[in-house]
Amino acid sequence: MKEKKKAIIYQLMPRWFTNCNEGCVPNGSIKQNGVGKFNDIDESKLRSIKSLGATHVWYTGVIEHATATNYSRQGIAPCNPHVVKGKAGSPYAIRDYYDVCPDLAVKVKNRMAEFEALVQRTHRMGLKVIIDFVPNHVAREYESDAKPAGVEDLGEGDNPMMFFDPSNNFYYITGQEFAPHGVDLGDYREFPARATGNDCYTASPNRDDWYETVKLNYGIDPWNGSRHFSPIPPTWIKMLDILKFWAGKGVDGFRCDMAHMVPVEFWQWAIGQIKEIHPGIIFIAEIYDVSLYHSYIFDGGFDYLYDKVTLYDTLRGILCNGWPASDLTRCWQTVEGIGGHMLNFLENHDEQRIASRQFCGDPFKALPALVVSATMSRCPFMVYAGQELGEPAADAEGYSGLDGRTTIFDYWSVPALRRWHQGKPTADERRLRAIYRKVLRLCNSEKTLAHGQFFDLMYVNQDTLDPSQQYAYLRHCDGEMTLIVANFSGQAVDTTVRIPQHALDCAKMSEGMYQMTDCLNDGSCTVRLNGDTCIPIHIDAHAATILKFK
């Protein structure tokens with residue numbers, strides 16, 4: 001039986017991925033700043049993504065969301081701009097679950113066909129397709145004009161006189177008009193107000209709340225926590241139909257936004273049914289509550305969960321806040337037994353860019369974190385488009401502001417990606433991408449990294465390594481073993497790493513002579529492994545070494 005590949009996910013927003021406009025202005029319109037298209041992500045772009053070692057592409061912002069751009073001439077009702085964040089709008093304020101974003105189409109009336117062609121192109125390149133599923137909330141003006149015949153809209157048939165009714169799709173703040181603090185609503189009116197997406201059950205959310213969205217009702221009464229799941233709530237049925245619709249388009253996986261804000265019982269009910277029809281499809285949960293990890297995997301049926309609050313936060317603490325590298329031991333211990341179900345990353349659309357002044361300021365300083373995050377486990381690893389080039393997100397694009405992130409609210413162009421697409425990357429961008437390419441490709445070319453077990457070496461190396469700056473571990477599989485040592489220090493290190501007999505026993509490796517290959521620098525030598533081997537190593541500043549024993 002062929003071994004399953006370790007998933008390497010490349011996240012990109014079509015809106016800006018291929019937009020090469022060098023004259024973008026803050027808060028610019030689509031006409032001023034331009035926008036990337038599905039058709040722009042052609043075979044050459046996909047080949048470049050695959051060459052990094054990617055196995056999946058997560059196309060972010062595909063489904064039609066609220067926007068300030070007017071498409072009424074194309075038969076799409078305009079959105080009120082007062083309940084849209086930014087000119088382009090948030091891709092997480094879904095306007096029509098059965099349509100794609102018209103911004104991304106060369107011919108708006110052909111938009112779904114252009115998306116379907118992108119899916120087919122991606123598959124032909126040997127890559128799988130992931131899109132967002134946003135189950136917790138929708139845009140305030142949600143209205144599907146593309147839904148199949150017989151499909152009832154969200155909110156259609158609700159009783160707005162009830163704050164909570166299991167048969168309603170929304171929660172209604174009865175007798176009160178929607179009046180968010182610090183937001184100019186212009187001519188937008190909503191009465192009665194509906195609860196806001198971030199579990200804000202008031203008519204007056206703040207500007208920092210998700211005021212542009214409405215919370216969906218899955219049958220839980222927020223006042224007393226009572227759960228009303230029998231009969232199956234209408235919201236469950238409508239959301240299952242949406243999943244079936246997109247799975248039928250050839251989508252290979254869903255990244256489920258704020259999955260922990262939706263009851264695990266829904267996921268258990270829905271994921272099981274989708275997988276009966278599409279057995280190979282994957283579900284990834286954005287989740288930030290460690291106490292829910294086991295339930296959302298074993299009860300809910302998720303394949304993978306974000307590992308932000310353990311590994312990501314710890315690596316950022318080591319890089320930026322002086323946390324000891326030995327804290328990484330706590331990370332694998334926290335997810336022991338479910339580590340293969342995590343999704344590791346250093347960047348995504350919610351987090352600050354590594355190269356931003358708000359994070360590292362220098363992408364090369366994060367290389368030890370890259371190696372650890374990509375090789376610590378057989379779980380998937382995710383790269384955010386531009387990360388591999390050291391994009392610093394140094395622009396104040398508009399609604400987003402100068403926050404160290406690439407905007408999800410504005411029409412914009414990403415300088416590092418623009419240079420790459422134009423064949424004009426800087427020397428540092430070329431060098432960084434080559435390192436990413438080598439590390440990510442190793443994740444599947446080396447079976448120890450793709451499928452192997454993990455062994456922490458810190459407990460026997462307190463006298464050889466500086467636990468505040470270095471971290472060492474093994475991955476082993478079928479008579480092969482790989483030693484990974486990360487150096488988070490700004491100084492190069494010459495030291496030794498002890499490999500105890502217990503580690504050899506776990507790896508089922510006998511004492512004797514082995515070839516040791518430096519996977520990152522292409523050197524090799526012969527070493528003897530015995531009951532208490534000490535391997536001499538040199539690691540550059542802000543670097544890591546990956547040594548394979550065979």
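Along the sequence shown, residues carry numbers from 1.
Across every non-hydrogen atom of Pro234 and Ser167, the tightest pair is CG-O, 3.5 Å. Across Ala270 and Leu243, no two heavy atoms sit closer than the pair CB-CD1, 4.3 Å. Heavy-atom minimum distance, Asn169 versus Asp158: N-OD1, 2.8 Å. In plain terms, the two heavy atoms of Leu46 and Tyr59 that are nearest each other are CD2-OH, 3.3 Å. Taking each heavy atom of Leu346 and Tyr312 in turn, the nearest pair found is O-CE1, 3.3 Å. When all heavy atoms are compared, the tightest approach of Phe302 to His341 is O-ND1, 4.2 Å.
Classification of the Tyr288-His260 ring pair by plane angle, with boundaries at 30° and 60°, yields perpendicular. Ring planes of Tyr306 and Trp58: perpendicular class, angle over 60° (limits at 30 and 60°). Phe283 and Phe254 have tilted rings, their planes meeting at an angle from 30° to 60° on a 0 to 90° scale. In this structure, His294 and Phe298 have tilted ring planes: the angle between them lies in the 30° to 60° band.
Judged by distance alone, the side chain of Glu141 and the main-chain N or O of Asn80 form a donor-acceptor pair under 3.5 Å. When atom types are taken as modelled, the side chain of Tyr218 and the backbone of Pro135 share a donor-acceptor pair closer than 3.5 angstrom. In terms of modelled atom types and a separation under 3.5 Å, the side chain of Asn19 and the main chain of Asn21 share a donor-acceptor contact. Judged purely by atom type and a 3.5 angstrom limit, Thr213 has no side-chain atom pairing as donor or acceptor with the backbone of Ala139. Checking side-chain atoms of Asn70 against main-chain N and O of Pro78 turns up no donor-acceptor pair under 3.5 Å. In this structure, Asn159 contributes its side chain and Asp165 its backbone to no donor-acceptor pair below 3.5 Å. Here the side chain of Gln120 pairs no donor or acceptor atom with the backbone of Arg124 at under 3.5 angstrom. Although no hydrogens or angles enter the test, the distance criterion places a donor-acceptor pair under 3.5 Å between the side chain of Asn33 and the main chain of Tyr411. One N or O on the side chain of Glu391 and one on the backbone of Ala393 form a donor-acceptor pair closer than 3.5 Å. A donor-acceptor contact shorter than 3.5 Å links the side chain of Glu114 to the backbone of Lys107.
More than 12 heavy atoms of other residues, nucleotides or ligands sit less than 6.0 Å from atom NZ of Lys37. The environment of Arg207 atom CZ is sparse: at most 12 non-hydrogen atoms of other residues, nucleotides or ligands sit within 6.0 angstrom. At most 12 non-hydrogen atoms from other residues, nucleotides or ligands lie less than 6.0 angstrom from NZ of Lys365.
With hydrogens and angles left out, the side-chain atoms of Asp428 and Thr426 include no donor and acceptor closer than 3.5 Å. Tyr92 and Asp132 form a side-chain donor-acceptor contact under 3.5 Å, judged by distance and modelled atom types alone.
The aromatic ring centroids of Phe164 and His228 lie less than 6.0 Å from each other. Taking the ring centroids of Tyr171 and Trp223, they lie at or beyond the 6.0 Å cut-off. Proximity of the aromatic rings of Tyr142 and His137 is defined here by a centroid distance below 6.0 angstrom, and this criterion is not met. Taking the six-membered ring where the residue is Trp, the centroids of Tyr97 and Phe245 are separated by 6.0 Å or more. Taking the centre of each ring, Phe345 and Tyr384 stay at or above the 6.0 Å mark. Two rings, from His421 and Phe17, have their centers less than 6.0 Å apart. Aromatic pair Trp236/Phe229: ring centres closer than 6.0 Å.
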- Message: Using side chain to side chain donor-acceptor pair (under 3.5 Å), reason through Ser48 and Arg433 one step at a time and then give a plain yes or no.
- Response: CA-CA 11 Å; Ser48 178; Arg433 192 181 191 279; 2.9 Å; yes
- When you look at Asp99 and Arg111, which way does the salt bridge (charged side-chain N to carboxylate O under 4.0 Å, His left out) test go after all the steps? CA-CA 8 Å; Asp99 208 347; Arg111 57 192 180 277; 2.7 Å; yes
- Worked verdict on Gln352 versus Arg316 for side chain to side chain donor-acceptor pair (under 3.5 Å): CA-CA 11 Å; Gln352 290 169 327; Arg316 179 154 185 166; 2.6 Å; yes
- Task: Begin with the C-alpha distance, continue with both residues' side-chain angles, and end with the deciding distance and a verdict on side-chain contact (heavy atoms from CB on, under 4.5 Å) for Leu154 and Lys238.
- Result: CA-CA 8 Å; Leu154 290 165; Lys238 292 179 181 180; 3.9 Å; yes
- From CA spacing to verdict: ring pair (Phe, Tyr, Trp, His ring centres under 6.0 Å), Phe409, His65: CA-CA 11 Å; Phe409 302 105; His65 54 269; 10.0 Å; no
- Message: Could you go through Glu351 and Arg405, starting from their C-alpha distance and side-chain angles, then the distance that decides it, and tell me whether this counts as salt bridge (charged side-chain N to carboxylate O under 4.0 Å, His left out)?
- Response: CA-CA 7 Å; Glu351 309 302 337; Arg405 298 173 177 85; 5.2 Å; no
- Item | Criterion salt bridge (charged side-chain N to carboxylate O under 4.0 Å, His left out) on Arg121 and Asp42, from CA distance to verdict | CA-CA 7 Å; Arg121 261 195 317 280; Asp42 57 18; over 6 Å; no
- salt bridge (charged side-chain N to carboxylate O under 4.0 Å, His left out) between Lys85 and Asp410: does it pass, once the steps are laid out? CA-CA 9 Å; Lys85 288 183 176 178; Asp410 306 283; over 6 Å; no
- Task: Check step by step if side chain to side chain donor-acceptor pair (under 3.5 Å) holds for Tyr98 and Glu64.
- Result: CA-CA 8 Å; Tyr98 289 99; Glu64 184 186 341; over 6 Å; no
- Task: Show the numbers, then the answer: is there a side chain to side chain donor-acceptor pair (under 3.5 Å) between Thr235 and Asn217?
- Result: CA-CA 7 Å; Thr235 301; Asn217 169 13; 5.7 Å; no
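Between Thr67 and Asp103 there is a side-chain heavy-atom pair separated by less than 4.5 Å. Here the side chains of Leu12 and Thr60 are not in contact, with every heavy-atom distance at 4.5 Å or above. Contact check for Ile237 versus Leu240: no side-chain heavy atoms found under the 4.5 Å cut-off. Contact annotation: the side chain of Met125 approaches that of Arg47 to within less than 4.5 Å [non-hydrogen atoms, C-beta and beyond]. Looking at heavy atoms from C-beta onward, Leu389 lies in side-chain contact with Leu417 at the 4.5 angstrom threshold.
With salt bridges taken as basic N to acidic carboxylate O contacts below 4.0 Å, one links Asp199 and Lys215. Salt bridge Asp187/Arg189: absent, no basic N to carboxylate O contact under 4.0 Å. The pair Arg95-Glu143 does not meet the salt-bridge criterion, since no charged nitrogen lies less than 4.0 angstrom from a carboxylate oxygen. Between Glu429 and Arg419 a salt bridge is recorded (basic side-chain N to carboxylate O distance below 4.0 Å). Contact check on Glu265 versus Arg227 returns a salt bridge, with a Lys/Arg side-chain nitrogen under 4.0 Å from an Asp/Glu carboxylate oxygen.
The side-chain tip of Arg140 does not point at the ring of Tyr188 from less than 6.0 angstrom away and within 45° of straight on.
With respect to Ile130, the side chain to side chain contact (heavy atoms under 4.5 Å, CB included) criterion is satisfied by exactly one of Ile282, Val251, Val57: Ile282.
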